[in-house]
**Student:** 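I have a structure I would like to understand better, so I am pasting it below and will then ask my questions one at a time.
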Amino acid sequence: MNRVWKGTALLALALLTSMPNAAMAQGVPLLLFDGKTGTEFAGCLNCNRLDDASVCNRYGKFGSRYEETSIWNRYGKFGSRYEDNSPWNRYGPGLRIVDGDGRFYGNFTMSTYDRSRLSIVDQIMRLHEKLDDLEKLQDIMCD
């Protein structure tokens, strides 16, 4: 393993070690919906990876790298950096983050305009900028 990758991996682990606790500190599932209308469900950001709605469920509709609705599918409507509703698009609204009662927590987006101030979102975006690789990001975030 080269030094750059080791350094990046160590930084990623340091950032994400606190991620589950930071997300669960909210005490509620953080639900993702399309940024334009807020009507299309895109998964749960901090749910248990065995949950059908979790973005970390690799066999589920929202966690598989091959599903159209997954943030990890770089060709899908929520995973492509060219789609407005994708968190990986620097210029689009990304995904809305709400809880089960409809409280709005900002947007899950690379754009700094109206980005959620939740620490989990900040940590994911900083790690994404370092790695620029959805597969590695999912591996670190979800395993």
Side-chain angles (χ1 to χ4, degrees), residues 1-36 38-100 103-143:
M1 203 187 251
N2 68 34
R3 281 187 183 168
V4 174
W5 173 240
K6 272 187 181 176
T8 302
L10 289 174
L11 173 64
L13 287 173
L15 286 173
L16 291 171
T17 300
S18 63
M19 185 181 297
N21 294 333
M24 291 313 288
Q26 296 299 322
V28 296
L30 299 173
L31 308 175
L32 303 173
F33 287 86
D34 71 281
K36 287 186 174 182
T39 59
E40 188 171 1
F41 185 60
C44 177
L45 188 60
N46 65 334
C47 289
N48 181 296
R49 69 181 175 161
L50 299 177
D51 188 307
D52 287 342
S54 176
V55 298
C56 287
N57 183 338
R58 293 179 188 274
Y59 304 104
K61 183 176 178 179
F62 307 105
S64 169
R65 293 177 184 159
Y66 307 104
E67 289 286 341
E68 175 70 13
T69 54
S70 174
I71 63 171
W72 309 115
N73 180 345
R74 60 188 176 134
Y75 304 108
K77 62 182 165 185
F78 298 133
S80 169
R81 68 178 63 195
Y82 304 108
E83 293 287 338
D84 285 345
N85 286 312
S86 172
W88 320 122
N89 180 334
R90 292 189 181 281
Y91 307 105
L95 297 167
R96 295 179 191 194
I97 304 171
V98 298
D99 64 21
R103 282 187 287 270
F104 180 66
Y105 292 86
N107 292 328
F108 180 38
T109 179
M110 289 292 294
S111 170
T112 55
Y113 176 75
D114 203 26
R115 181 190 291 175
S116 173
R117 295 179 189 242
L118 294 170
S119 62
I120 187 173
V121 172
D122 181 55
Q123 292 169 353
I124 291 169
M125 291 306 165
R126 283 193 290 154
L127 188 53
H128 180 268
E129 287 179 7
K130 289 271 188 208
L131 298 173
D132 195 29
D133 184 322
L134 289 182
E135 288 185 27
K136 287 179 185 173
L137 179 60
Q138 183 185 26
D139 289 345
I140 292 168
M141 180 181 155
C142 298
D143 289 336

**Student:** Any side-chain to backbone donor/acceptor pair from N57 onto D51? Under 3.5 Å, distance only.
**Tutor:** yes

**Student:** Nearest 0.5 Å, what's the CG-CZ distance between N73 and F78?
**Tutor:** 11.5 Å

**Student:** Taking D143 for its side chain and Q138 for its backbone only, find out whether a donor-acceptor pair lies under 3.5 Å.
**Tutor:** no

**Student:** So L131 and I140, do their side chains get closer than 4.5 Å, heavy atoms only?
**Tutor:** yes

**Student:** Looking at C142 and C56, are the sulfur gammas closer than 2.5 Å to each other?
**Tutor:** yes

**Student:** Where do E40 and D34 come nearest, in terms of heavy atoms and distance?
**Tutor:** N-OD1, 2.6 Å

**Student:** Might you confirm whether atom CZ of F104 has over 12 heavy atoms from other residues, nucleotides or ligands at distances under 6.0 Å?
**Tutor:** yes

**Student:** Do R49 and R58 have side chains that get closer than 4.5 Å, going by heavy atoms?
**Tutor:** no

**Student:** Indicate yes or no: at least one non-hydrogen side-chain atom of I71 is less than 4.5 angstrom from one of L95.
**Tutor:** yes

**Student:** Would you find a donor on one side and an acceptor on the other, under 3.5 Å apart, between the side chain of N107 and the backbone of G94?
**Tutor:** no

**Student:** Can you confirm whether K77 is buried at NZ, in the sense that more than 12 heavy atoms of other residues, nucleotides or ligands lie under 6.0 Å from that atom?
**Tutor:** yes

**Student:** Is a side-chain donor or acceptor of R65 paired with a backbone partner of E135 at a separation under 3.5 angstrom?
**Tutor:** yes

**Student:** Return yes if some donor-acceptor pair links the side-chain N/O of R96 with the main-chain N/O of K36 below 3.5 Å, else return no.
**Tutor:** yes

**Student:** If you look at every heavy atom in L32 and F41, which pair is closest and at what distance?
**Tutor:** O-CD1, 3.4 Å

**Student:** Students often mix this up, so state it plainly: with edges at 30° and 60°, are the rings of H128 and W88 parallel, tilted or perpendicular?
**Tutor:** parallel

**Student:** Any sub-3.5 Å donor-acceptor pair from S111's side-chain atoms to P93's backbone N or O?
**Tutor:** no

**Student:** Counting N and O atoms only, with roles assigned by atom type, does the side chain of W72 sit under 3.5 Å from a partner on the main chain of V55, one being a donor and the other an acceptor?
**Tutor:** yes

**Student:** Counting N and O atoms only, with roles assigned by atom type, does the side chain of R115 sit under 3.5 Å from a partner on the main chain of T109, one being a donor and the other an acceptor?
**Tutor:** yes

**Student:** Quick check against the 3.5 Å criterion: does S86 have a side-chain atom that pairs as donor or acceptor with the backbone of S80?
**Tutor:** yes

**Student:** Minimum heavy-atom separation for Y105 to S116, with atom names?
**Tutor:** O-OG, 2.6 Å

